[in-house]
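Labels below follow one simple rule: chain letters A, B, ... track the order of the sequence lines, proteins then strands, and each chain is numbered from 1.
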4 protein chains.
Amino acid sequence: MKREDTIRVLITGGTIDKEYNPVTGELTFTKSHLTNMLNRVRCRAKVVLEEIMLKDSLQMRSEDREEILKKCIDCPEDKIIVTHGTDTMVETAQILGKDLKGKTVVLVGALIPYAFGASDALFNLGCAFSAVQTLQEGVYITMNGKIFSWDRVRKNRESGEFEEI
Amino acid sequence: MKREDTIRVLITGGTIDKEYNPVTGELTFTKSHLTNMLNRVRCRAKVVLEEIMLKDSLQMRSEDREEILKKCIDCPEDKIIVTHGTDTMVETAQILGKDLKGKTVVLVGALIPYAFGASDALFNLGCAFSAVQTLQEGVYITMNGKIFSWDRVRKNRESGEFEEI
Amino acid sequence: MKREDTIRVLITGGTIDKEYNPVTGELTFTKSHLTNMLNRVRCRAKVVLEEIMLKDSLQMRSEDREEILKKCIDCPEDKIIVTHGTDTMVETAQILGKDLKGKTVVLVGALIPYAFGASDALFNLGCAFSAVQTLQEGVYITMNGKIFSWDRVRKNRESGEFEEI
Amino acid sequence: MKREDTIRVLITGGTIDKEYNPVTGELTFTKSHLTNMLNRVRCRAKVVLEEIMLKDSLQMRSEDREEILKKCIDCPEDKIIVTHGTDTMVETAQILGKDLKGKTVVLVGALIPYAFGASDALFNLGCAFSAVQTLQEGVYITMNGKIFSWDRVRKNRESGEFEEI
């Protein structure tokens with residue numbers, strides 16, 4: 001393909017990393033599952049994982065999005081995957097899309113936690129891995145088997161799915 | 001991105017679609033899981049599924065590979081994913097790579113059946129979905145989180161993993 | 001063992017049957033998984049399934065418990081499994097234990113929904129199946145691999161586990 | 001119930017503990033999953049696990065069955081679960097049933113490995129846990145949601161299921 005670049009995976013939380021707490025009956029974060037996921041699928045792409053935060057994206061404030069932007073700018077890699085909650089993924093993509101130049105960033109998450117049966121997490125992550133390795137510089141979202149540019153996508157609140165605008 | 005093309009998924013079998021037969025204790029095919037997989041992950045890319053055969057790729061003969069090539073040539077779509085056993089995936093990729101022009105074909109499979117715990121199937125399929133939507137014409141393999149050109153890849157028999165040559 | 005009696009499974013809801021709603025991010029009921037569970041494990045005991053309600057047991061009122069009691073009394077079977085949320089399982093067991101005579105009733109649930117990874121549902125259900133077939137008349141709870149009499153058990157709110165008192 | 005006795009779990013292998021080897025495509029043993037299974041379901045019964053062997057029960061010879069019998073006789077516990085392949089489970093049950101006195105032994109296995117999707121392993125194990133805690137001395141098999149006495153059971157080779165004779 002091309003020479004093999006290292007991919008930085010910035011972990012910010014979201015449904016993909018949520019777990020069920022059997023004592024409280026609530027969905028919570030304990031730790032990211034990204035390492036387990038990549039080991040399970042025998043991923044051999046060069047990857048650096050960095051956990052920035054573990055947040056429901058409805059809880060993210062503008063400082064959080066600024067921090068994600070700063071991490072994207074400051075890291076040495078040009079290919080970046082950002083795991084992110086789906087509720088405000090588009091909002092973060094817009095911040096990154098407006099201010100980030102010269103890098104390929106793919107935001108990805110899941111509608112169902114990786115830890116639950118019938119999760120879409122591994123499929124979506126696979127979509128992000130190929131997208132980040134093939135797309136020109138820019139900011140993208142890979143959800144529902146599709147690739148969206150940051151400025152032409154929204155989450156449909158009724159269906160939970162991402163669609164072009 | 002681009003205008004949305006329909007993706008044809010040609011199913012040929014392989015470990016990705018194998019099941020455990022609890023009576024015989026053997027791995028067998030009963031039906032493809034691709035429809036279930038795409039429903040589960042709420043894939044909204046335009047997809048046409050076509051089951052050509054359900055074979056262990058060690059059982060494939062040159063007629064089988066010719067049939068796959070013919071299906072790739074004859075179908076109206078320019079973006080094609082071929083699910084395939086990993087043991088002779090490279091061999092089929094070479095047949096396609098030499099004779100197919102003007103289309104993007106991505107071969108993909110799994111080291112562990114979709115129906116088993118800890119399968120890599122969904123991740124690999126996600127990789128194939130983004131790859132087929134972004135890559136220029138040519139024949140590729142997406143395994144182990146990487147994208148390989150048909151003429152620069154082999155399966156390592158010791159590790160089971162795909163690597164560049 | 002003995003002649004084979006039919007087992008009535010009364011479904012009342014609880015964590016065992018909860019699902020994750022990917023649009024709202026909440027845990028909800030859509031339908032019971034008991035039929036799927038028993039098919040999956042190739043259960044060949046004679047079983048009649050009856051769905052009375054699908055409720056979080058924190059939402060159950062005394063009318064609900066009276067209805068469960070009435071169903072236990074009125075059904076023709078002497079061996080009854082009641083699937084139930086764990087939060088008030090002991091309370092329902094006490095109602096049944098005080099008023100029901102001549103039948104073996106086993107209450108069972110799960111700390112993690114059947115539909116999620118790492119669920120305890122199938123194990124607990126297996127415990128209930130053997131318990132209902134072997135125990136003398138009375139009302140019991142099978143959780144955490146143990147069998148509790150209705151009048152000597154509590155749920156530990158800290159750990160989520162059932163323990164003898 | 002009764003005072004709480006410790007349950008000895010004697011591990012001998014069988015489908016319940018098999019794994020898929022992605023390099024060879026064969027089913028093999030690497031280690032027992034019993035510890036993981038009991039942790040996952042938060043089993044709080046007193047348990048001692050002992051791995052005697054990890055064998056496909058078709059490979060078991062009379063020495064192996066004698067060893068299982070000897071372990072049952074020699075261990076200090078009166079309640080014993082033996083995990084075992086299903087193909088010759090009845091044969092081992094007969095050896096134990098004829099020669100073992102004063103203990104409750106329950107043989108159990110699975111038609112589908114614990115490590116695979118849709119396994120019956122946890123359900124069967126739950127059946128064994130309640131059975132060993134409630135049944136009088138004797139040797140039993142818990143499969144397909146039923147409890148069989150050692151001298152009145154066979155495995156149906158067509159269906160893979162256990163049935164009374």
Among [options], residue most engaged with chain B (heavy-atom pairs, under 4.5 Å):
options: A/G126, A/A110, A/G160; result: A/G126
options: A/A131, A/A118, A/G145, A/C43; result: A/A118
options: A/L125, A/I112, A/V41, A/L38; result: A/V41
options: A/S119, A/A45, A/A128; result: A/S119

- Structural part of A/L111 lying under 4.5 Å from a heavy atom of chain B: side chain
- Message: Out of B/T142, B/V47, B/D120, B/N124, return the one with the most heavy atom pairs under 4.5 angstrom to chain A.
- Response: B/D120
- Residues passing the salt bridge (Lys or Arg N to Asp or Glu O under 4.0 Å) test with A/D87, sequence neighbours excluded, are A/K155, A/R157
- Message: Surrounding CD of B/E158 (heavy atoms of other residues, nucleotides or ligands, distance under 6.0 Å), is the total greater than 12?
- Response: no
- Query: Name the one of A/F123, A/F129, A/Y114 that satisfies ring-ring contact (aromatic ring centres under 6.0 Å, His included) with B/F123?
  - Reply: A/F129
- Report the residues that fulfil ring pair (Phe, Tyr, Trp, His ring centres under 6.0 Å) with A/Y20, sequence neighbours left out, ordered by chain and then residue number. C/F116
- Taking NZ, NE, NH1 and NH2 as the nitrogens, is one of them in B/K18 or B/D56 under 4.0 Å from a carboxylate oxygen of the other? yes
